[in-house]
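Worksheet: one structure, shown below.
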2 protein chains.
Amino acid sequence: MNSSIVFILTLCLLSTCLEAQRPCLTLTEEGVAKVQEGIGISALFDTKLESIKKEVDQQIELGFDVPIPKDMAGGYTHERHKFNYKLMHKAGNLYQFTGDEKYAKFVKDMLFVYAEMYPTLPVHPTQRSYATGKIFWQCLNDANWLVFTSQAYDCIYNYLSADDRKVLEKDLFIPFANFLSEDNPRFFNRIHNHSTWANAAVGLMALAMKNDELLEKALYGLKDDGINPYELDNDGGYIKKEGVYQAGFLAQLDYSFSPEGYFSEGPYYQRYAIFPFLVFSHALENNKPELKIFEYRDNILQKATMALLHLTDPQGNFFAINDAQKGMNFRSYELVTAVDLMYSISGDDLLLDWAAAQNDIAFNETGFIMSESLKDYSPKSIGKKSVFFGDGVDGDEGGIAVMRIDDSEALFKFSAQGMGHGHFDRLSYSLFDDGGEVLQDYGAVRWVNLDQKGGGRYLPENKTFGKQTVGHNTIVVNQKSQYESSVKKAEEHHPELYYLDLESSQGVNMVSAVENNAYANVDMHRTVIMYADPAFVNPLLIDIFSVKSDEASDFDLPFWYQGHFMKSSFDCEKNGSSLTPLGEDHGYQHIWKESSCKVEDEEYSFNWFANEKFYTITGATEKGDEIIMGRSGANDPNFNLRSDPVLIHRKSGRESATYFNVIESHGKYSRLTEIPNQPFGQIEEMSVDYADERYVVCSFANTENIWQIYFSLQDNGPKSIHKITVNGSPITWDGVYKIVKSKK
Amino acid sequence: MNSSIVFILTLCLLSTCLEAQRPCLTLTEEGVAKVQEGIGISALFDTKLESIKKEVDQQIELGFDVPIPKDMAGGYTHERHKFNYKLMHKAGNLYQFTGDEKYAKFVKDMLFVYAEMYPTLPVHPTQRSYATGKIFWQCLNDANWLVFTSQAYDCIYNYLSADDRKVLEKDLFIPFANFLSEDNPRFFNRIHNHSTWANAAVGLMALAMKNDELLEKALYGLKDDGINPYELDNDGGYIKKEGVYQAGFLAQLDYSFSPEGYFSEGPYYQRYAIFPFLVFSHALENNKPELKIFEYRDNILQKATMALLHLTDPQGNFFAINDAQKGMNFRSYELVTAVDLMYSISGDDLLLDWAAAQNDIAFNETGFIMSESLKDYSPKSIGKKSVFFGDGVDGDEGGIAVMRIDDSEALFKFSAQGMGHGHFDRLSYSLFDDGGEVLQDYGAVRWVNLDQKGGGRYLPENKTFGKQTVGHNTIVVNQKSQYESSVKKAEEHHPELYYLDLESSQGVNMVSAVENNAYANVDMHRTVIMYADPAFVNPLLIDIFSVKSDEASDFDLPFWYQGHFMKSSFDCEKNGSSLTPLGEDHGYQHIWKESSCKVEDEEYSFNWFANEKFYTITGATEKGDEIIMGRSGANDPNFNLRSDPVLIHRKSGRESATYFNVIESHGKYSRLTEIPNQPFGQIEEMSVDYADERYVVCSFANTENIWQIYFSLQDNGPKSIHKITVNGSPITWDGVYKIVKSKK
């Protein structure tokens, strides 16, 4: 061999080597090499690889389809294009891990069909979105496409010829990225989960193409978007966030989360939004390590991931606050991706426990790392703790608190509005145990992606019922929703945290919050206490709700209990011969009035059965109080609503009122043994012993003991000393509250 | 040692040995010795022993209570006495297995408290049963007490002194047995599950006391009971069975089951009745082996056990036909006892598979045998097959058929009335898959043992709705129930099996049955086909229902679908401003009419979602047909009914009609991935091409194929040749039916 040949070979190798700095987005050359070495000896990853191989091999066999876009979500073209980008992503990774060129060829072939179609593709014919896409009915889905496809492109980059890449970038990727950014500033330049997807999509493709101009837009937004600050999106949310002028990915990180990682739209949307945050950050970390993106804003992405994991009920489902489809949980694709990625960054053992519970791994390097780490690890059960998350960029715009004792969990919501997906439900709570929902949040009126139900979009009843106050477990004043159901008005205010104690060693979790703007001249203050006492099998939920108005008003407190009504202390026969709606608007028009009656005693009790368990609400009552039993489903021409029961405690023509309720979970009944165990609640007496603007004193009793709760409504100083006279006896305590238990 | 001492010792040993022929009912000396040897080396049994020991030790610690009887089912005294007899039974067995006398003492002490109370105990104060008990509100529960207590007594027999036994037998057991027999002939001398319990209870105690006189009564009944043949029990059933003059345990074996082991009241009650049958038979086998009780009536008890196991849905729940509380399943105490006992008799490996699925064993010798046998056994999954059970003592009074292909199961019911617990539901079916109920049988309106709901008894709506025809998936004529809801009239007739094919290798299960007496001058003939074809993901349920009346009549065919209505071909808006009941009686008064509309096309389709799956009913329609959408819960003052949806296909003013429906299960949707898969059914066209008294020809089609079904309604000869002309074309086939699939 002569030296010139050696020289040429060396040149070629160098060029190959340079070219071979692929993949470089969420996969790395080094990582891929490790995965390749580990194949066959890492059980979890091997299983994953085999299942994905089987699926992709089948699709290669079948051949693919790239239809002309036409349908809404749920329809064929929509679902097929979604399927396509996931398929390309899987095939790309398979090519990297197995080296089998058939996978690279499959991605290439599909990309070229898209590249042929795209240049002449008009916007999607549906025209139903504030930002209509080309492949899909909304740009949001087009951004999804690009997030996955950019990674697939990266995986086969070296397989493609330079000419191939030139065609794909010119005809498909660059126009695609431009369409999502310059052509759709309303979509690209918001502080919103839509824009996070847009920024990440453009950013990932920029990194894949090494296109700095596009990367700049992705990170910092469009310079001049010309958006009218009062424009609304399809969900009724504002395009522009007041006072925020930044845009782009870094601005999303700055403004989307509270300092502890809570996302104002709630966990259902946070789960959706976290994915582009993490995937793009992962690629930035591999390409722009100088950004230290995972340390950005004091590790905000790590906090956001942990927040999400903790915003799940005992069955692992995300709390269905705001617009949320029930059933989405911590095993979702997005959370599996998040847990594995975050573990690869932080090495936190807690994440190993979560991954073990997910029983799934991501199909990438981080999934391989997880698979290896779980090999010799004995997972512990996940002990979720009580948590509080402040809302808002500075964490001071109200918040949400999860109280947890044993298997009981209560989510108390006093957060800001949550943008277009928020509900008018301030000071509401929902209650859970290991059997599921005890007091529910209805969630969204929507079947995501189901063509049968309005193409999978939000249904009209989401606005007229799902978002309305009466659909939640919080007080409705004069049968109107909070803030007159106006997002604009609601966004101007947020509730205030008044007192928080989630650390008490005495079996007490307590959260107290105030909302004084939801109704004109009405002040509301609710305190929710989860209380464990050996006298009761399970923790009690104690609920003290004070409301005060400038004029005589009607107050309704609904309890959306889940299960079958068993027995009540009051005599409330169900209407037999006809049902009519409970009202005309603000959600009342959607509730059939099954029954109503005046309560004559000093307390009422209401016992129901669900998930093989018994529950009882016992509440203090006053003369004139009324109980209404209802069921959702009225004025629902297309059968969009579930038929769910509600109990409403009404106080009419009052300037102020104190609702005092205790919820017991106290018994079991198995249909297999047919043996009931403690079918009845224990609480016999309830009373509000004192109530003015400064204090409330309540008590409840079983046959043996009486519990008194002293609470200061205006002074939350931890050392303040309070003295009042209740029923002729002086009482005194220091701090916000005191619970006194004594023998009867 | 001198010889006289040896002689005395030998005598003592002999006497001990004689005395030691205990236990002798369901435990034996030999069996107990084997169990004792096996403790510590038989894992399943050890676990069982430990858990029962823990429970009984706790109770010994707490001390027991024998309250003065007062309450109905669900109340304290009722539940405590139930708890007591189970506790004595467990403690007795523990004494045998561990030899620890504290358990014998516990049983003895409790028995003496009962013996002290019993002689002066009046009948139970409730007086609500046709046979009021003493310890409980009904003799039935007193018989339960004796079945368990007799075994406990047997276990501690040798621990007691002769004087102890004398007191217990004289003051408690003999009067107890006499009360259940001589004093309550209506209870003791029927052919009914109540009397089976009575006979077994008295018989077991007779064997425990070696009392031949009582044993005679148990086996052969009371000689002269003086019962009026027209007397009814609390459930509306006749005390006496027409034409049956025998009584006692052997008569129960003769008359309670069909030759293949089906029990006319249905599986829920069969599960309850099988227990005394088996326990007493077990004791008879140990004491009167010459009776060969397990071979009696061609192994009827073995057949009955296998029948029960096969009358379960894919989740193992008993089909909720007739009066039945849903959720009772093959893991119940009674079935665990039955499976283990039957295995110890037959050694059938199939029972090992069932026991493995039960994941539980009986706490006795047979449970130990099962524990040992499962040690080295690798259980197979239980492949339940399609089965048919004729009803009636000779198996020729109609019957029920379970069609099973893959995970789909349909139960078609054309059995006799089922005594007082029967429903007016002839020719109805229910449909299931691995997700649960698809088309439901409502079951009984009752919460067994729950004091909150009428003391756990049948609620009024059981009679006015639960039993009524419209509450089931079968035709209602002129909005009246079959047999005018009269048990007496219904017991005079039974449907007839017309054709049965559960063995076809061509993916066809077919059952066809006739009922011509349920309505005056109305003939009904229904054919249900489960049909698997590669064109459809899951088997279809094809349903051809011919009805003919002497005069113009209204026909209603309800489908009690489970889940949420998604989309229909017809435009049926839900009433928004008021709901009224669908009718005034025969169950219609309990259904809210949500919507109704005329169907204009030649077929209708109705698509719904449940358990993450999609289903579609497609039905042929004619001009004037109406669809009614309803929901149970009207005229239900105490909220006893569930709020369940129904679709009713109405044909009015017709002398004859042919309903032709096909039910598809065709898709999936996970709330975790939010990806719908095949959300719509495939069937596009449905028609009844020919219908007269002799033949029906129907067809359905998807986009590619058309399926025609030829059916002979009057000639079920397997070799008959049929020729007719349909739409101008002659067709011919031999045998009852033919299904022809062809390209469109």
(message) Can you list everything that forms a side chain to side chain donor-acceptor pair (under 3.5 Å) with A:K613? Sequence neighbours excluded, please.
(response) A:D434
(request) With a 4.5 Å cut-off on heavy-atom pairs, point out which of A:F565, A:F609, A:W592 contacts chain B the most. (result) A:W592
(request) Inspect the surroundings of CG in B:N611 and state if more than 12 heavy atoms from other residues, nucleotides or ligands are less than 6.0 Å away. (result) yes
(request) Select one option (side chain, backbone, both, neither) describing which atoms of B:D571 are under 4.5 Å from chain A's heavy atoms. (result) neither
(request) Sort B:F83 into side chain, backbone, both or neither according to what part of it lies under 4.5 angstrom from a heavy atom of chain A. (result) neither
(message) Could you check whether atom CG of B:N677 has more than 12 heavy atoms from other residues, nucleotides or ligands sitting under 6.0 Å from it?
(response) yes
(message) Given heavy-atom pairs under 4.5 angstrom as the criterion, report whether the side chain, backbone, both or neither of B:S595 touches chain A.
(response) side chain
(request) Counting only heavy atoms closer than 4.5 Å, note whether B:E674 contacts chain A via side chain, backbone, both or neither. (result) both
(request) Could you tell me which portion of B:N317 (side chain, backbone, both or neither) has an atom closer than 4.5 angstrom to a non-hydrogen atom of chain A? (result) neither
(request) With a 4.5 angstrom heavy-atom cut-off, could you sort out which part of B:D636 is near chain A: side chain, backbone, both or neither? (result) both
(request) May I have all residue pairs that pass side chain to side chain donor-acceptor pair (under 3.5 Å) and include part of residues 73-86 of chain A, sequence neighbours excluded? (result) A:D65-A:Y76, A:R80-A:N84, A:H81-A:Y114, A:N84-A:Y114
(message) With a 4.5 angstrom heavy-atom cut-off, is it the side chain or the backbone of B:L641 that approaches chain A, or both, or neither?
(response) backbone
(request) Could you verify whether a donor N or O on one side chain and an acceptor N or O on the other, from A:N640 and A:E461, lie under 3.5 Å apart? (result) yes
(request) Against chain A, label B:Y333 side chain, backbone, both or neither, depending on which of its atoms sit under 4.5 Å from a heavy atom there. (result) neither
